[in-house]
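These numbers were taken from a predicted model, which means no experiment stands behind them.
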Amino acid sequence: MKNKLAVTSILTAITASLCCITPVLALIAGTSGVASTFSWIEPFRPYLIGLTILVLLFAWYQKLKPEKEIDCECETDKKPKFIQSKTFLGVVTVFAIVMLAFPYYSSMFYPNSEKQIVVVDKSNIKTTEYKISGMTCPSCEAHVNHEVNKLNGIVNSKTSYKNGNAIIEYDQTKTNELEIEKAINSTGYKVTDKN
């Protein structure tokens, strides 16, 4: 029973962060289009976090509660297997916390794609706001910025999952709105409107 609780807490912690882990894995694998595959999980994230915490609390309660005394003269002081130990449950708890916190530190896995741009004529600089659907965490922001910054002529890229947008400043002589939209759509998130 205690082992099942540990496995359940690991699975719920991973599932709760799957929407944010997928973009990083997609970047590493070079398949950025699958980044938004698990974004449907985001609305359930608070429930999965709660379930993870409840399962871990119950597992710790089971592990720390006093054992019932047995009225026999048999030997019961056997050392438990590692998978049944407090150490293992501690490792599971730390792993669950790391997984649950993943959205807050995931951007460190993206390479710095900001580049120095020499602007010859400021009249060529244009700013466009793209409305984007499917973004759910800071990892999504980093993924969009990473793809957009691969284009020549990008001066600045600010993406916000909370606002569901990206504000892109670019040199019109080096790139255009259609190329930027293609770059954003290649992440798996979709441009729904632009201003």
Side-chain angles (χ1 to χ4, degrees), residues 1-111 132-147 159-164 184-190:
M1 168 88 173
K2 293 174 186 171
N3 292 341
K4 290 179 184 175
L5 291 173
V7 170
T8 302
S9 65
I10 288 173
L11 291 176
T12 56
I14 290 172
T15 304
S17 296
L18 200 55
C19 59
C20 299
I21 293 170
T22 307
V24 173
L25 295 177
L27 176 71
I28 293 168
T31 55
S32 63
V34 299
S36 65
T37 305
F38 293 102
S39 62
W40 63 271
I41 293 174
E42 177 61 21
F44 304 104
R45 183 170 162 69
Y47 303 109
L48 292 166
I49 290 171
L51 181 61
T52 302
I53 291 169
L54 287 174
V55 169
L56 283 171
L57 287 173
F58 187 68
W60 277 106
Y61 169 75
Q62 291 290 327
K63 182 57 74 184
L64 298 175
K65 76 178 182 180
E67 300 265 338
K68 292 181 182 176
E69 298 221 6
I70 302 172
D71 289 336
C72 77
E73 295 185 23
C74 51
E75 194 175 310
T76 59
D77 290 337
K78 265 186 0 181
K79 186 175 180 183
K81 296 178 187 174
F82 175 71
I83 201 163
Q84 297 170 334
S85 69
K86 289 178 188 172
T87 305
F88 178 73
L89 187 55
V91 168
V92 167
T93 302
V94 168
F95 179 77
I97 291 168
V98 167
M99 288 287 85
L100 293 175
F102 188 79
Y104 305 105
Y105 64 84
S106 62
S107 60
M108 69 186 247
F109 291 100
Y110 287 93
I132 304 170
S133 66
M135 296 189 301
T136 58
C137 68
S139 182
C140 302
E141 294 173 356
H143 194 104
V144 170
N145 285 333
H146 176 74
E147 287 302 313
T159 305
S160 170
Y161 79 93
K162 290 178 183 175
N163 297 331
I184 294 170
N185 287 338
S186 75
T187 64
Y189 311 112
K190 297 294 173 210

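L56 has its side chain within reach of V92: a pair of non-hydrogen atoms, C-beta onward, lies under 4.5 Å apart. Annotation: side chain of I10 is not in contact with side chain of M99 (no heavy-atom distance under 4.5 Å).
With sequence neighbours excluded, the residues satisfying ring-ring contact (aromatic ring centres under 6.0 Å, His included) with F88 are F82.
With rounding to the nearest 0.5 Å, the separation of OH in Y189 from OG1 in T159 is 10.5 Å. Atom CG in L100 sits 7.5 Å away from atom OG1 in T12 (nearest 0.5 Å). I132 contributes atom CD1, which lies 11.0 Å from atom CG of N163 (distance to the nearest 0.5 angstrom). Once rounded to the nearest 0.5 Å, the distance linking OH of Y47 with OG1 of T52 reads 14.5 Å. Going from atom OG1 of T187 over to atom NE2 of H143 covers 5.0 Å, rounded to the nearest 0.5 Å. Within the model, atoms CD1 of I97 and OG1 of T93 stand 6.5 Å from one another, a figure rounded to the nearest 0.5 Å.
Smallest separation of non-hydrogen atoms from E147 and S186: OE1-OG, 3.8 Å. Closest heavy-atom contact between W60 and K86: CH2-O, 3.7 Å. Across all non-hydrogen atoms, the minimal contact from K162 to E141 is N-OE2, 4.5 Å.
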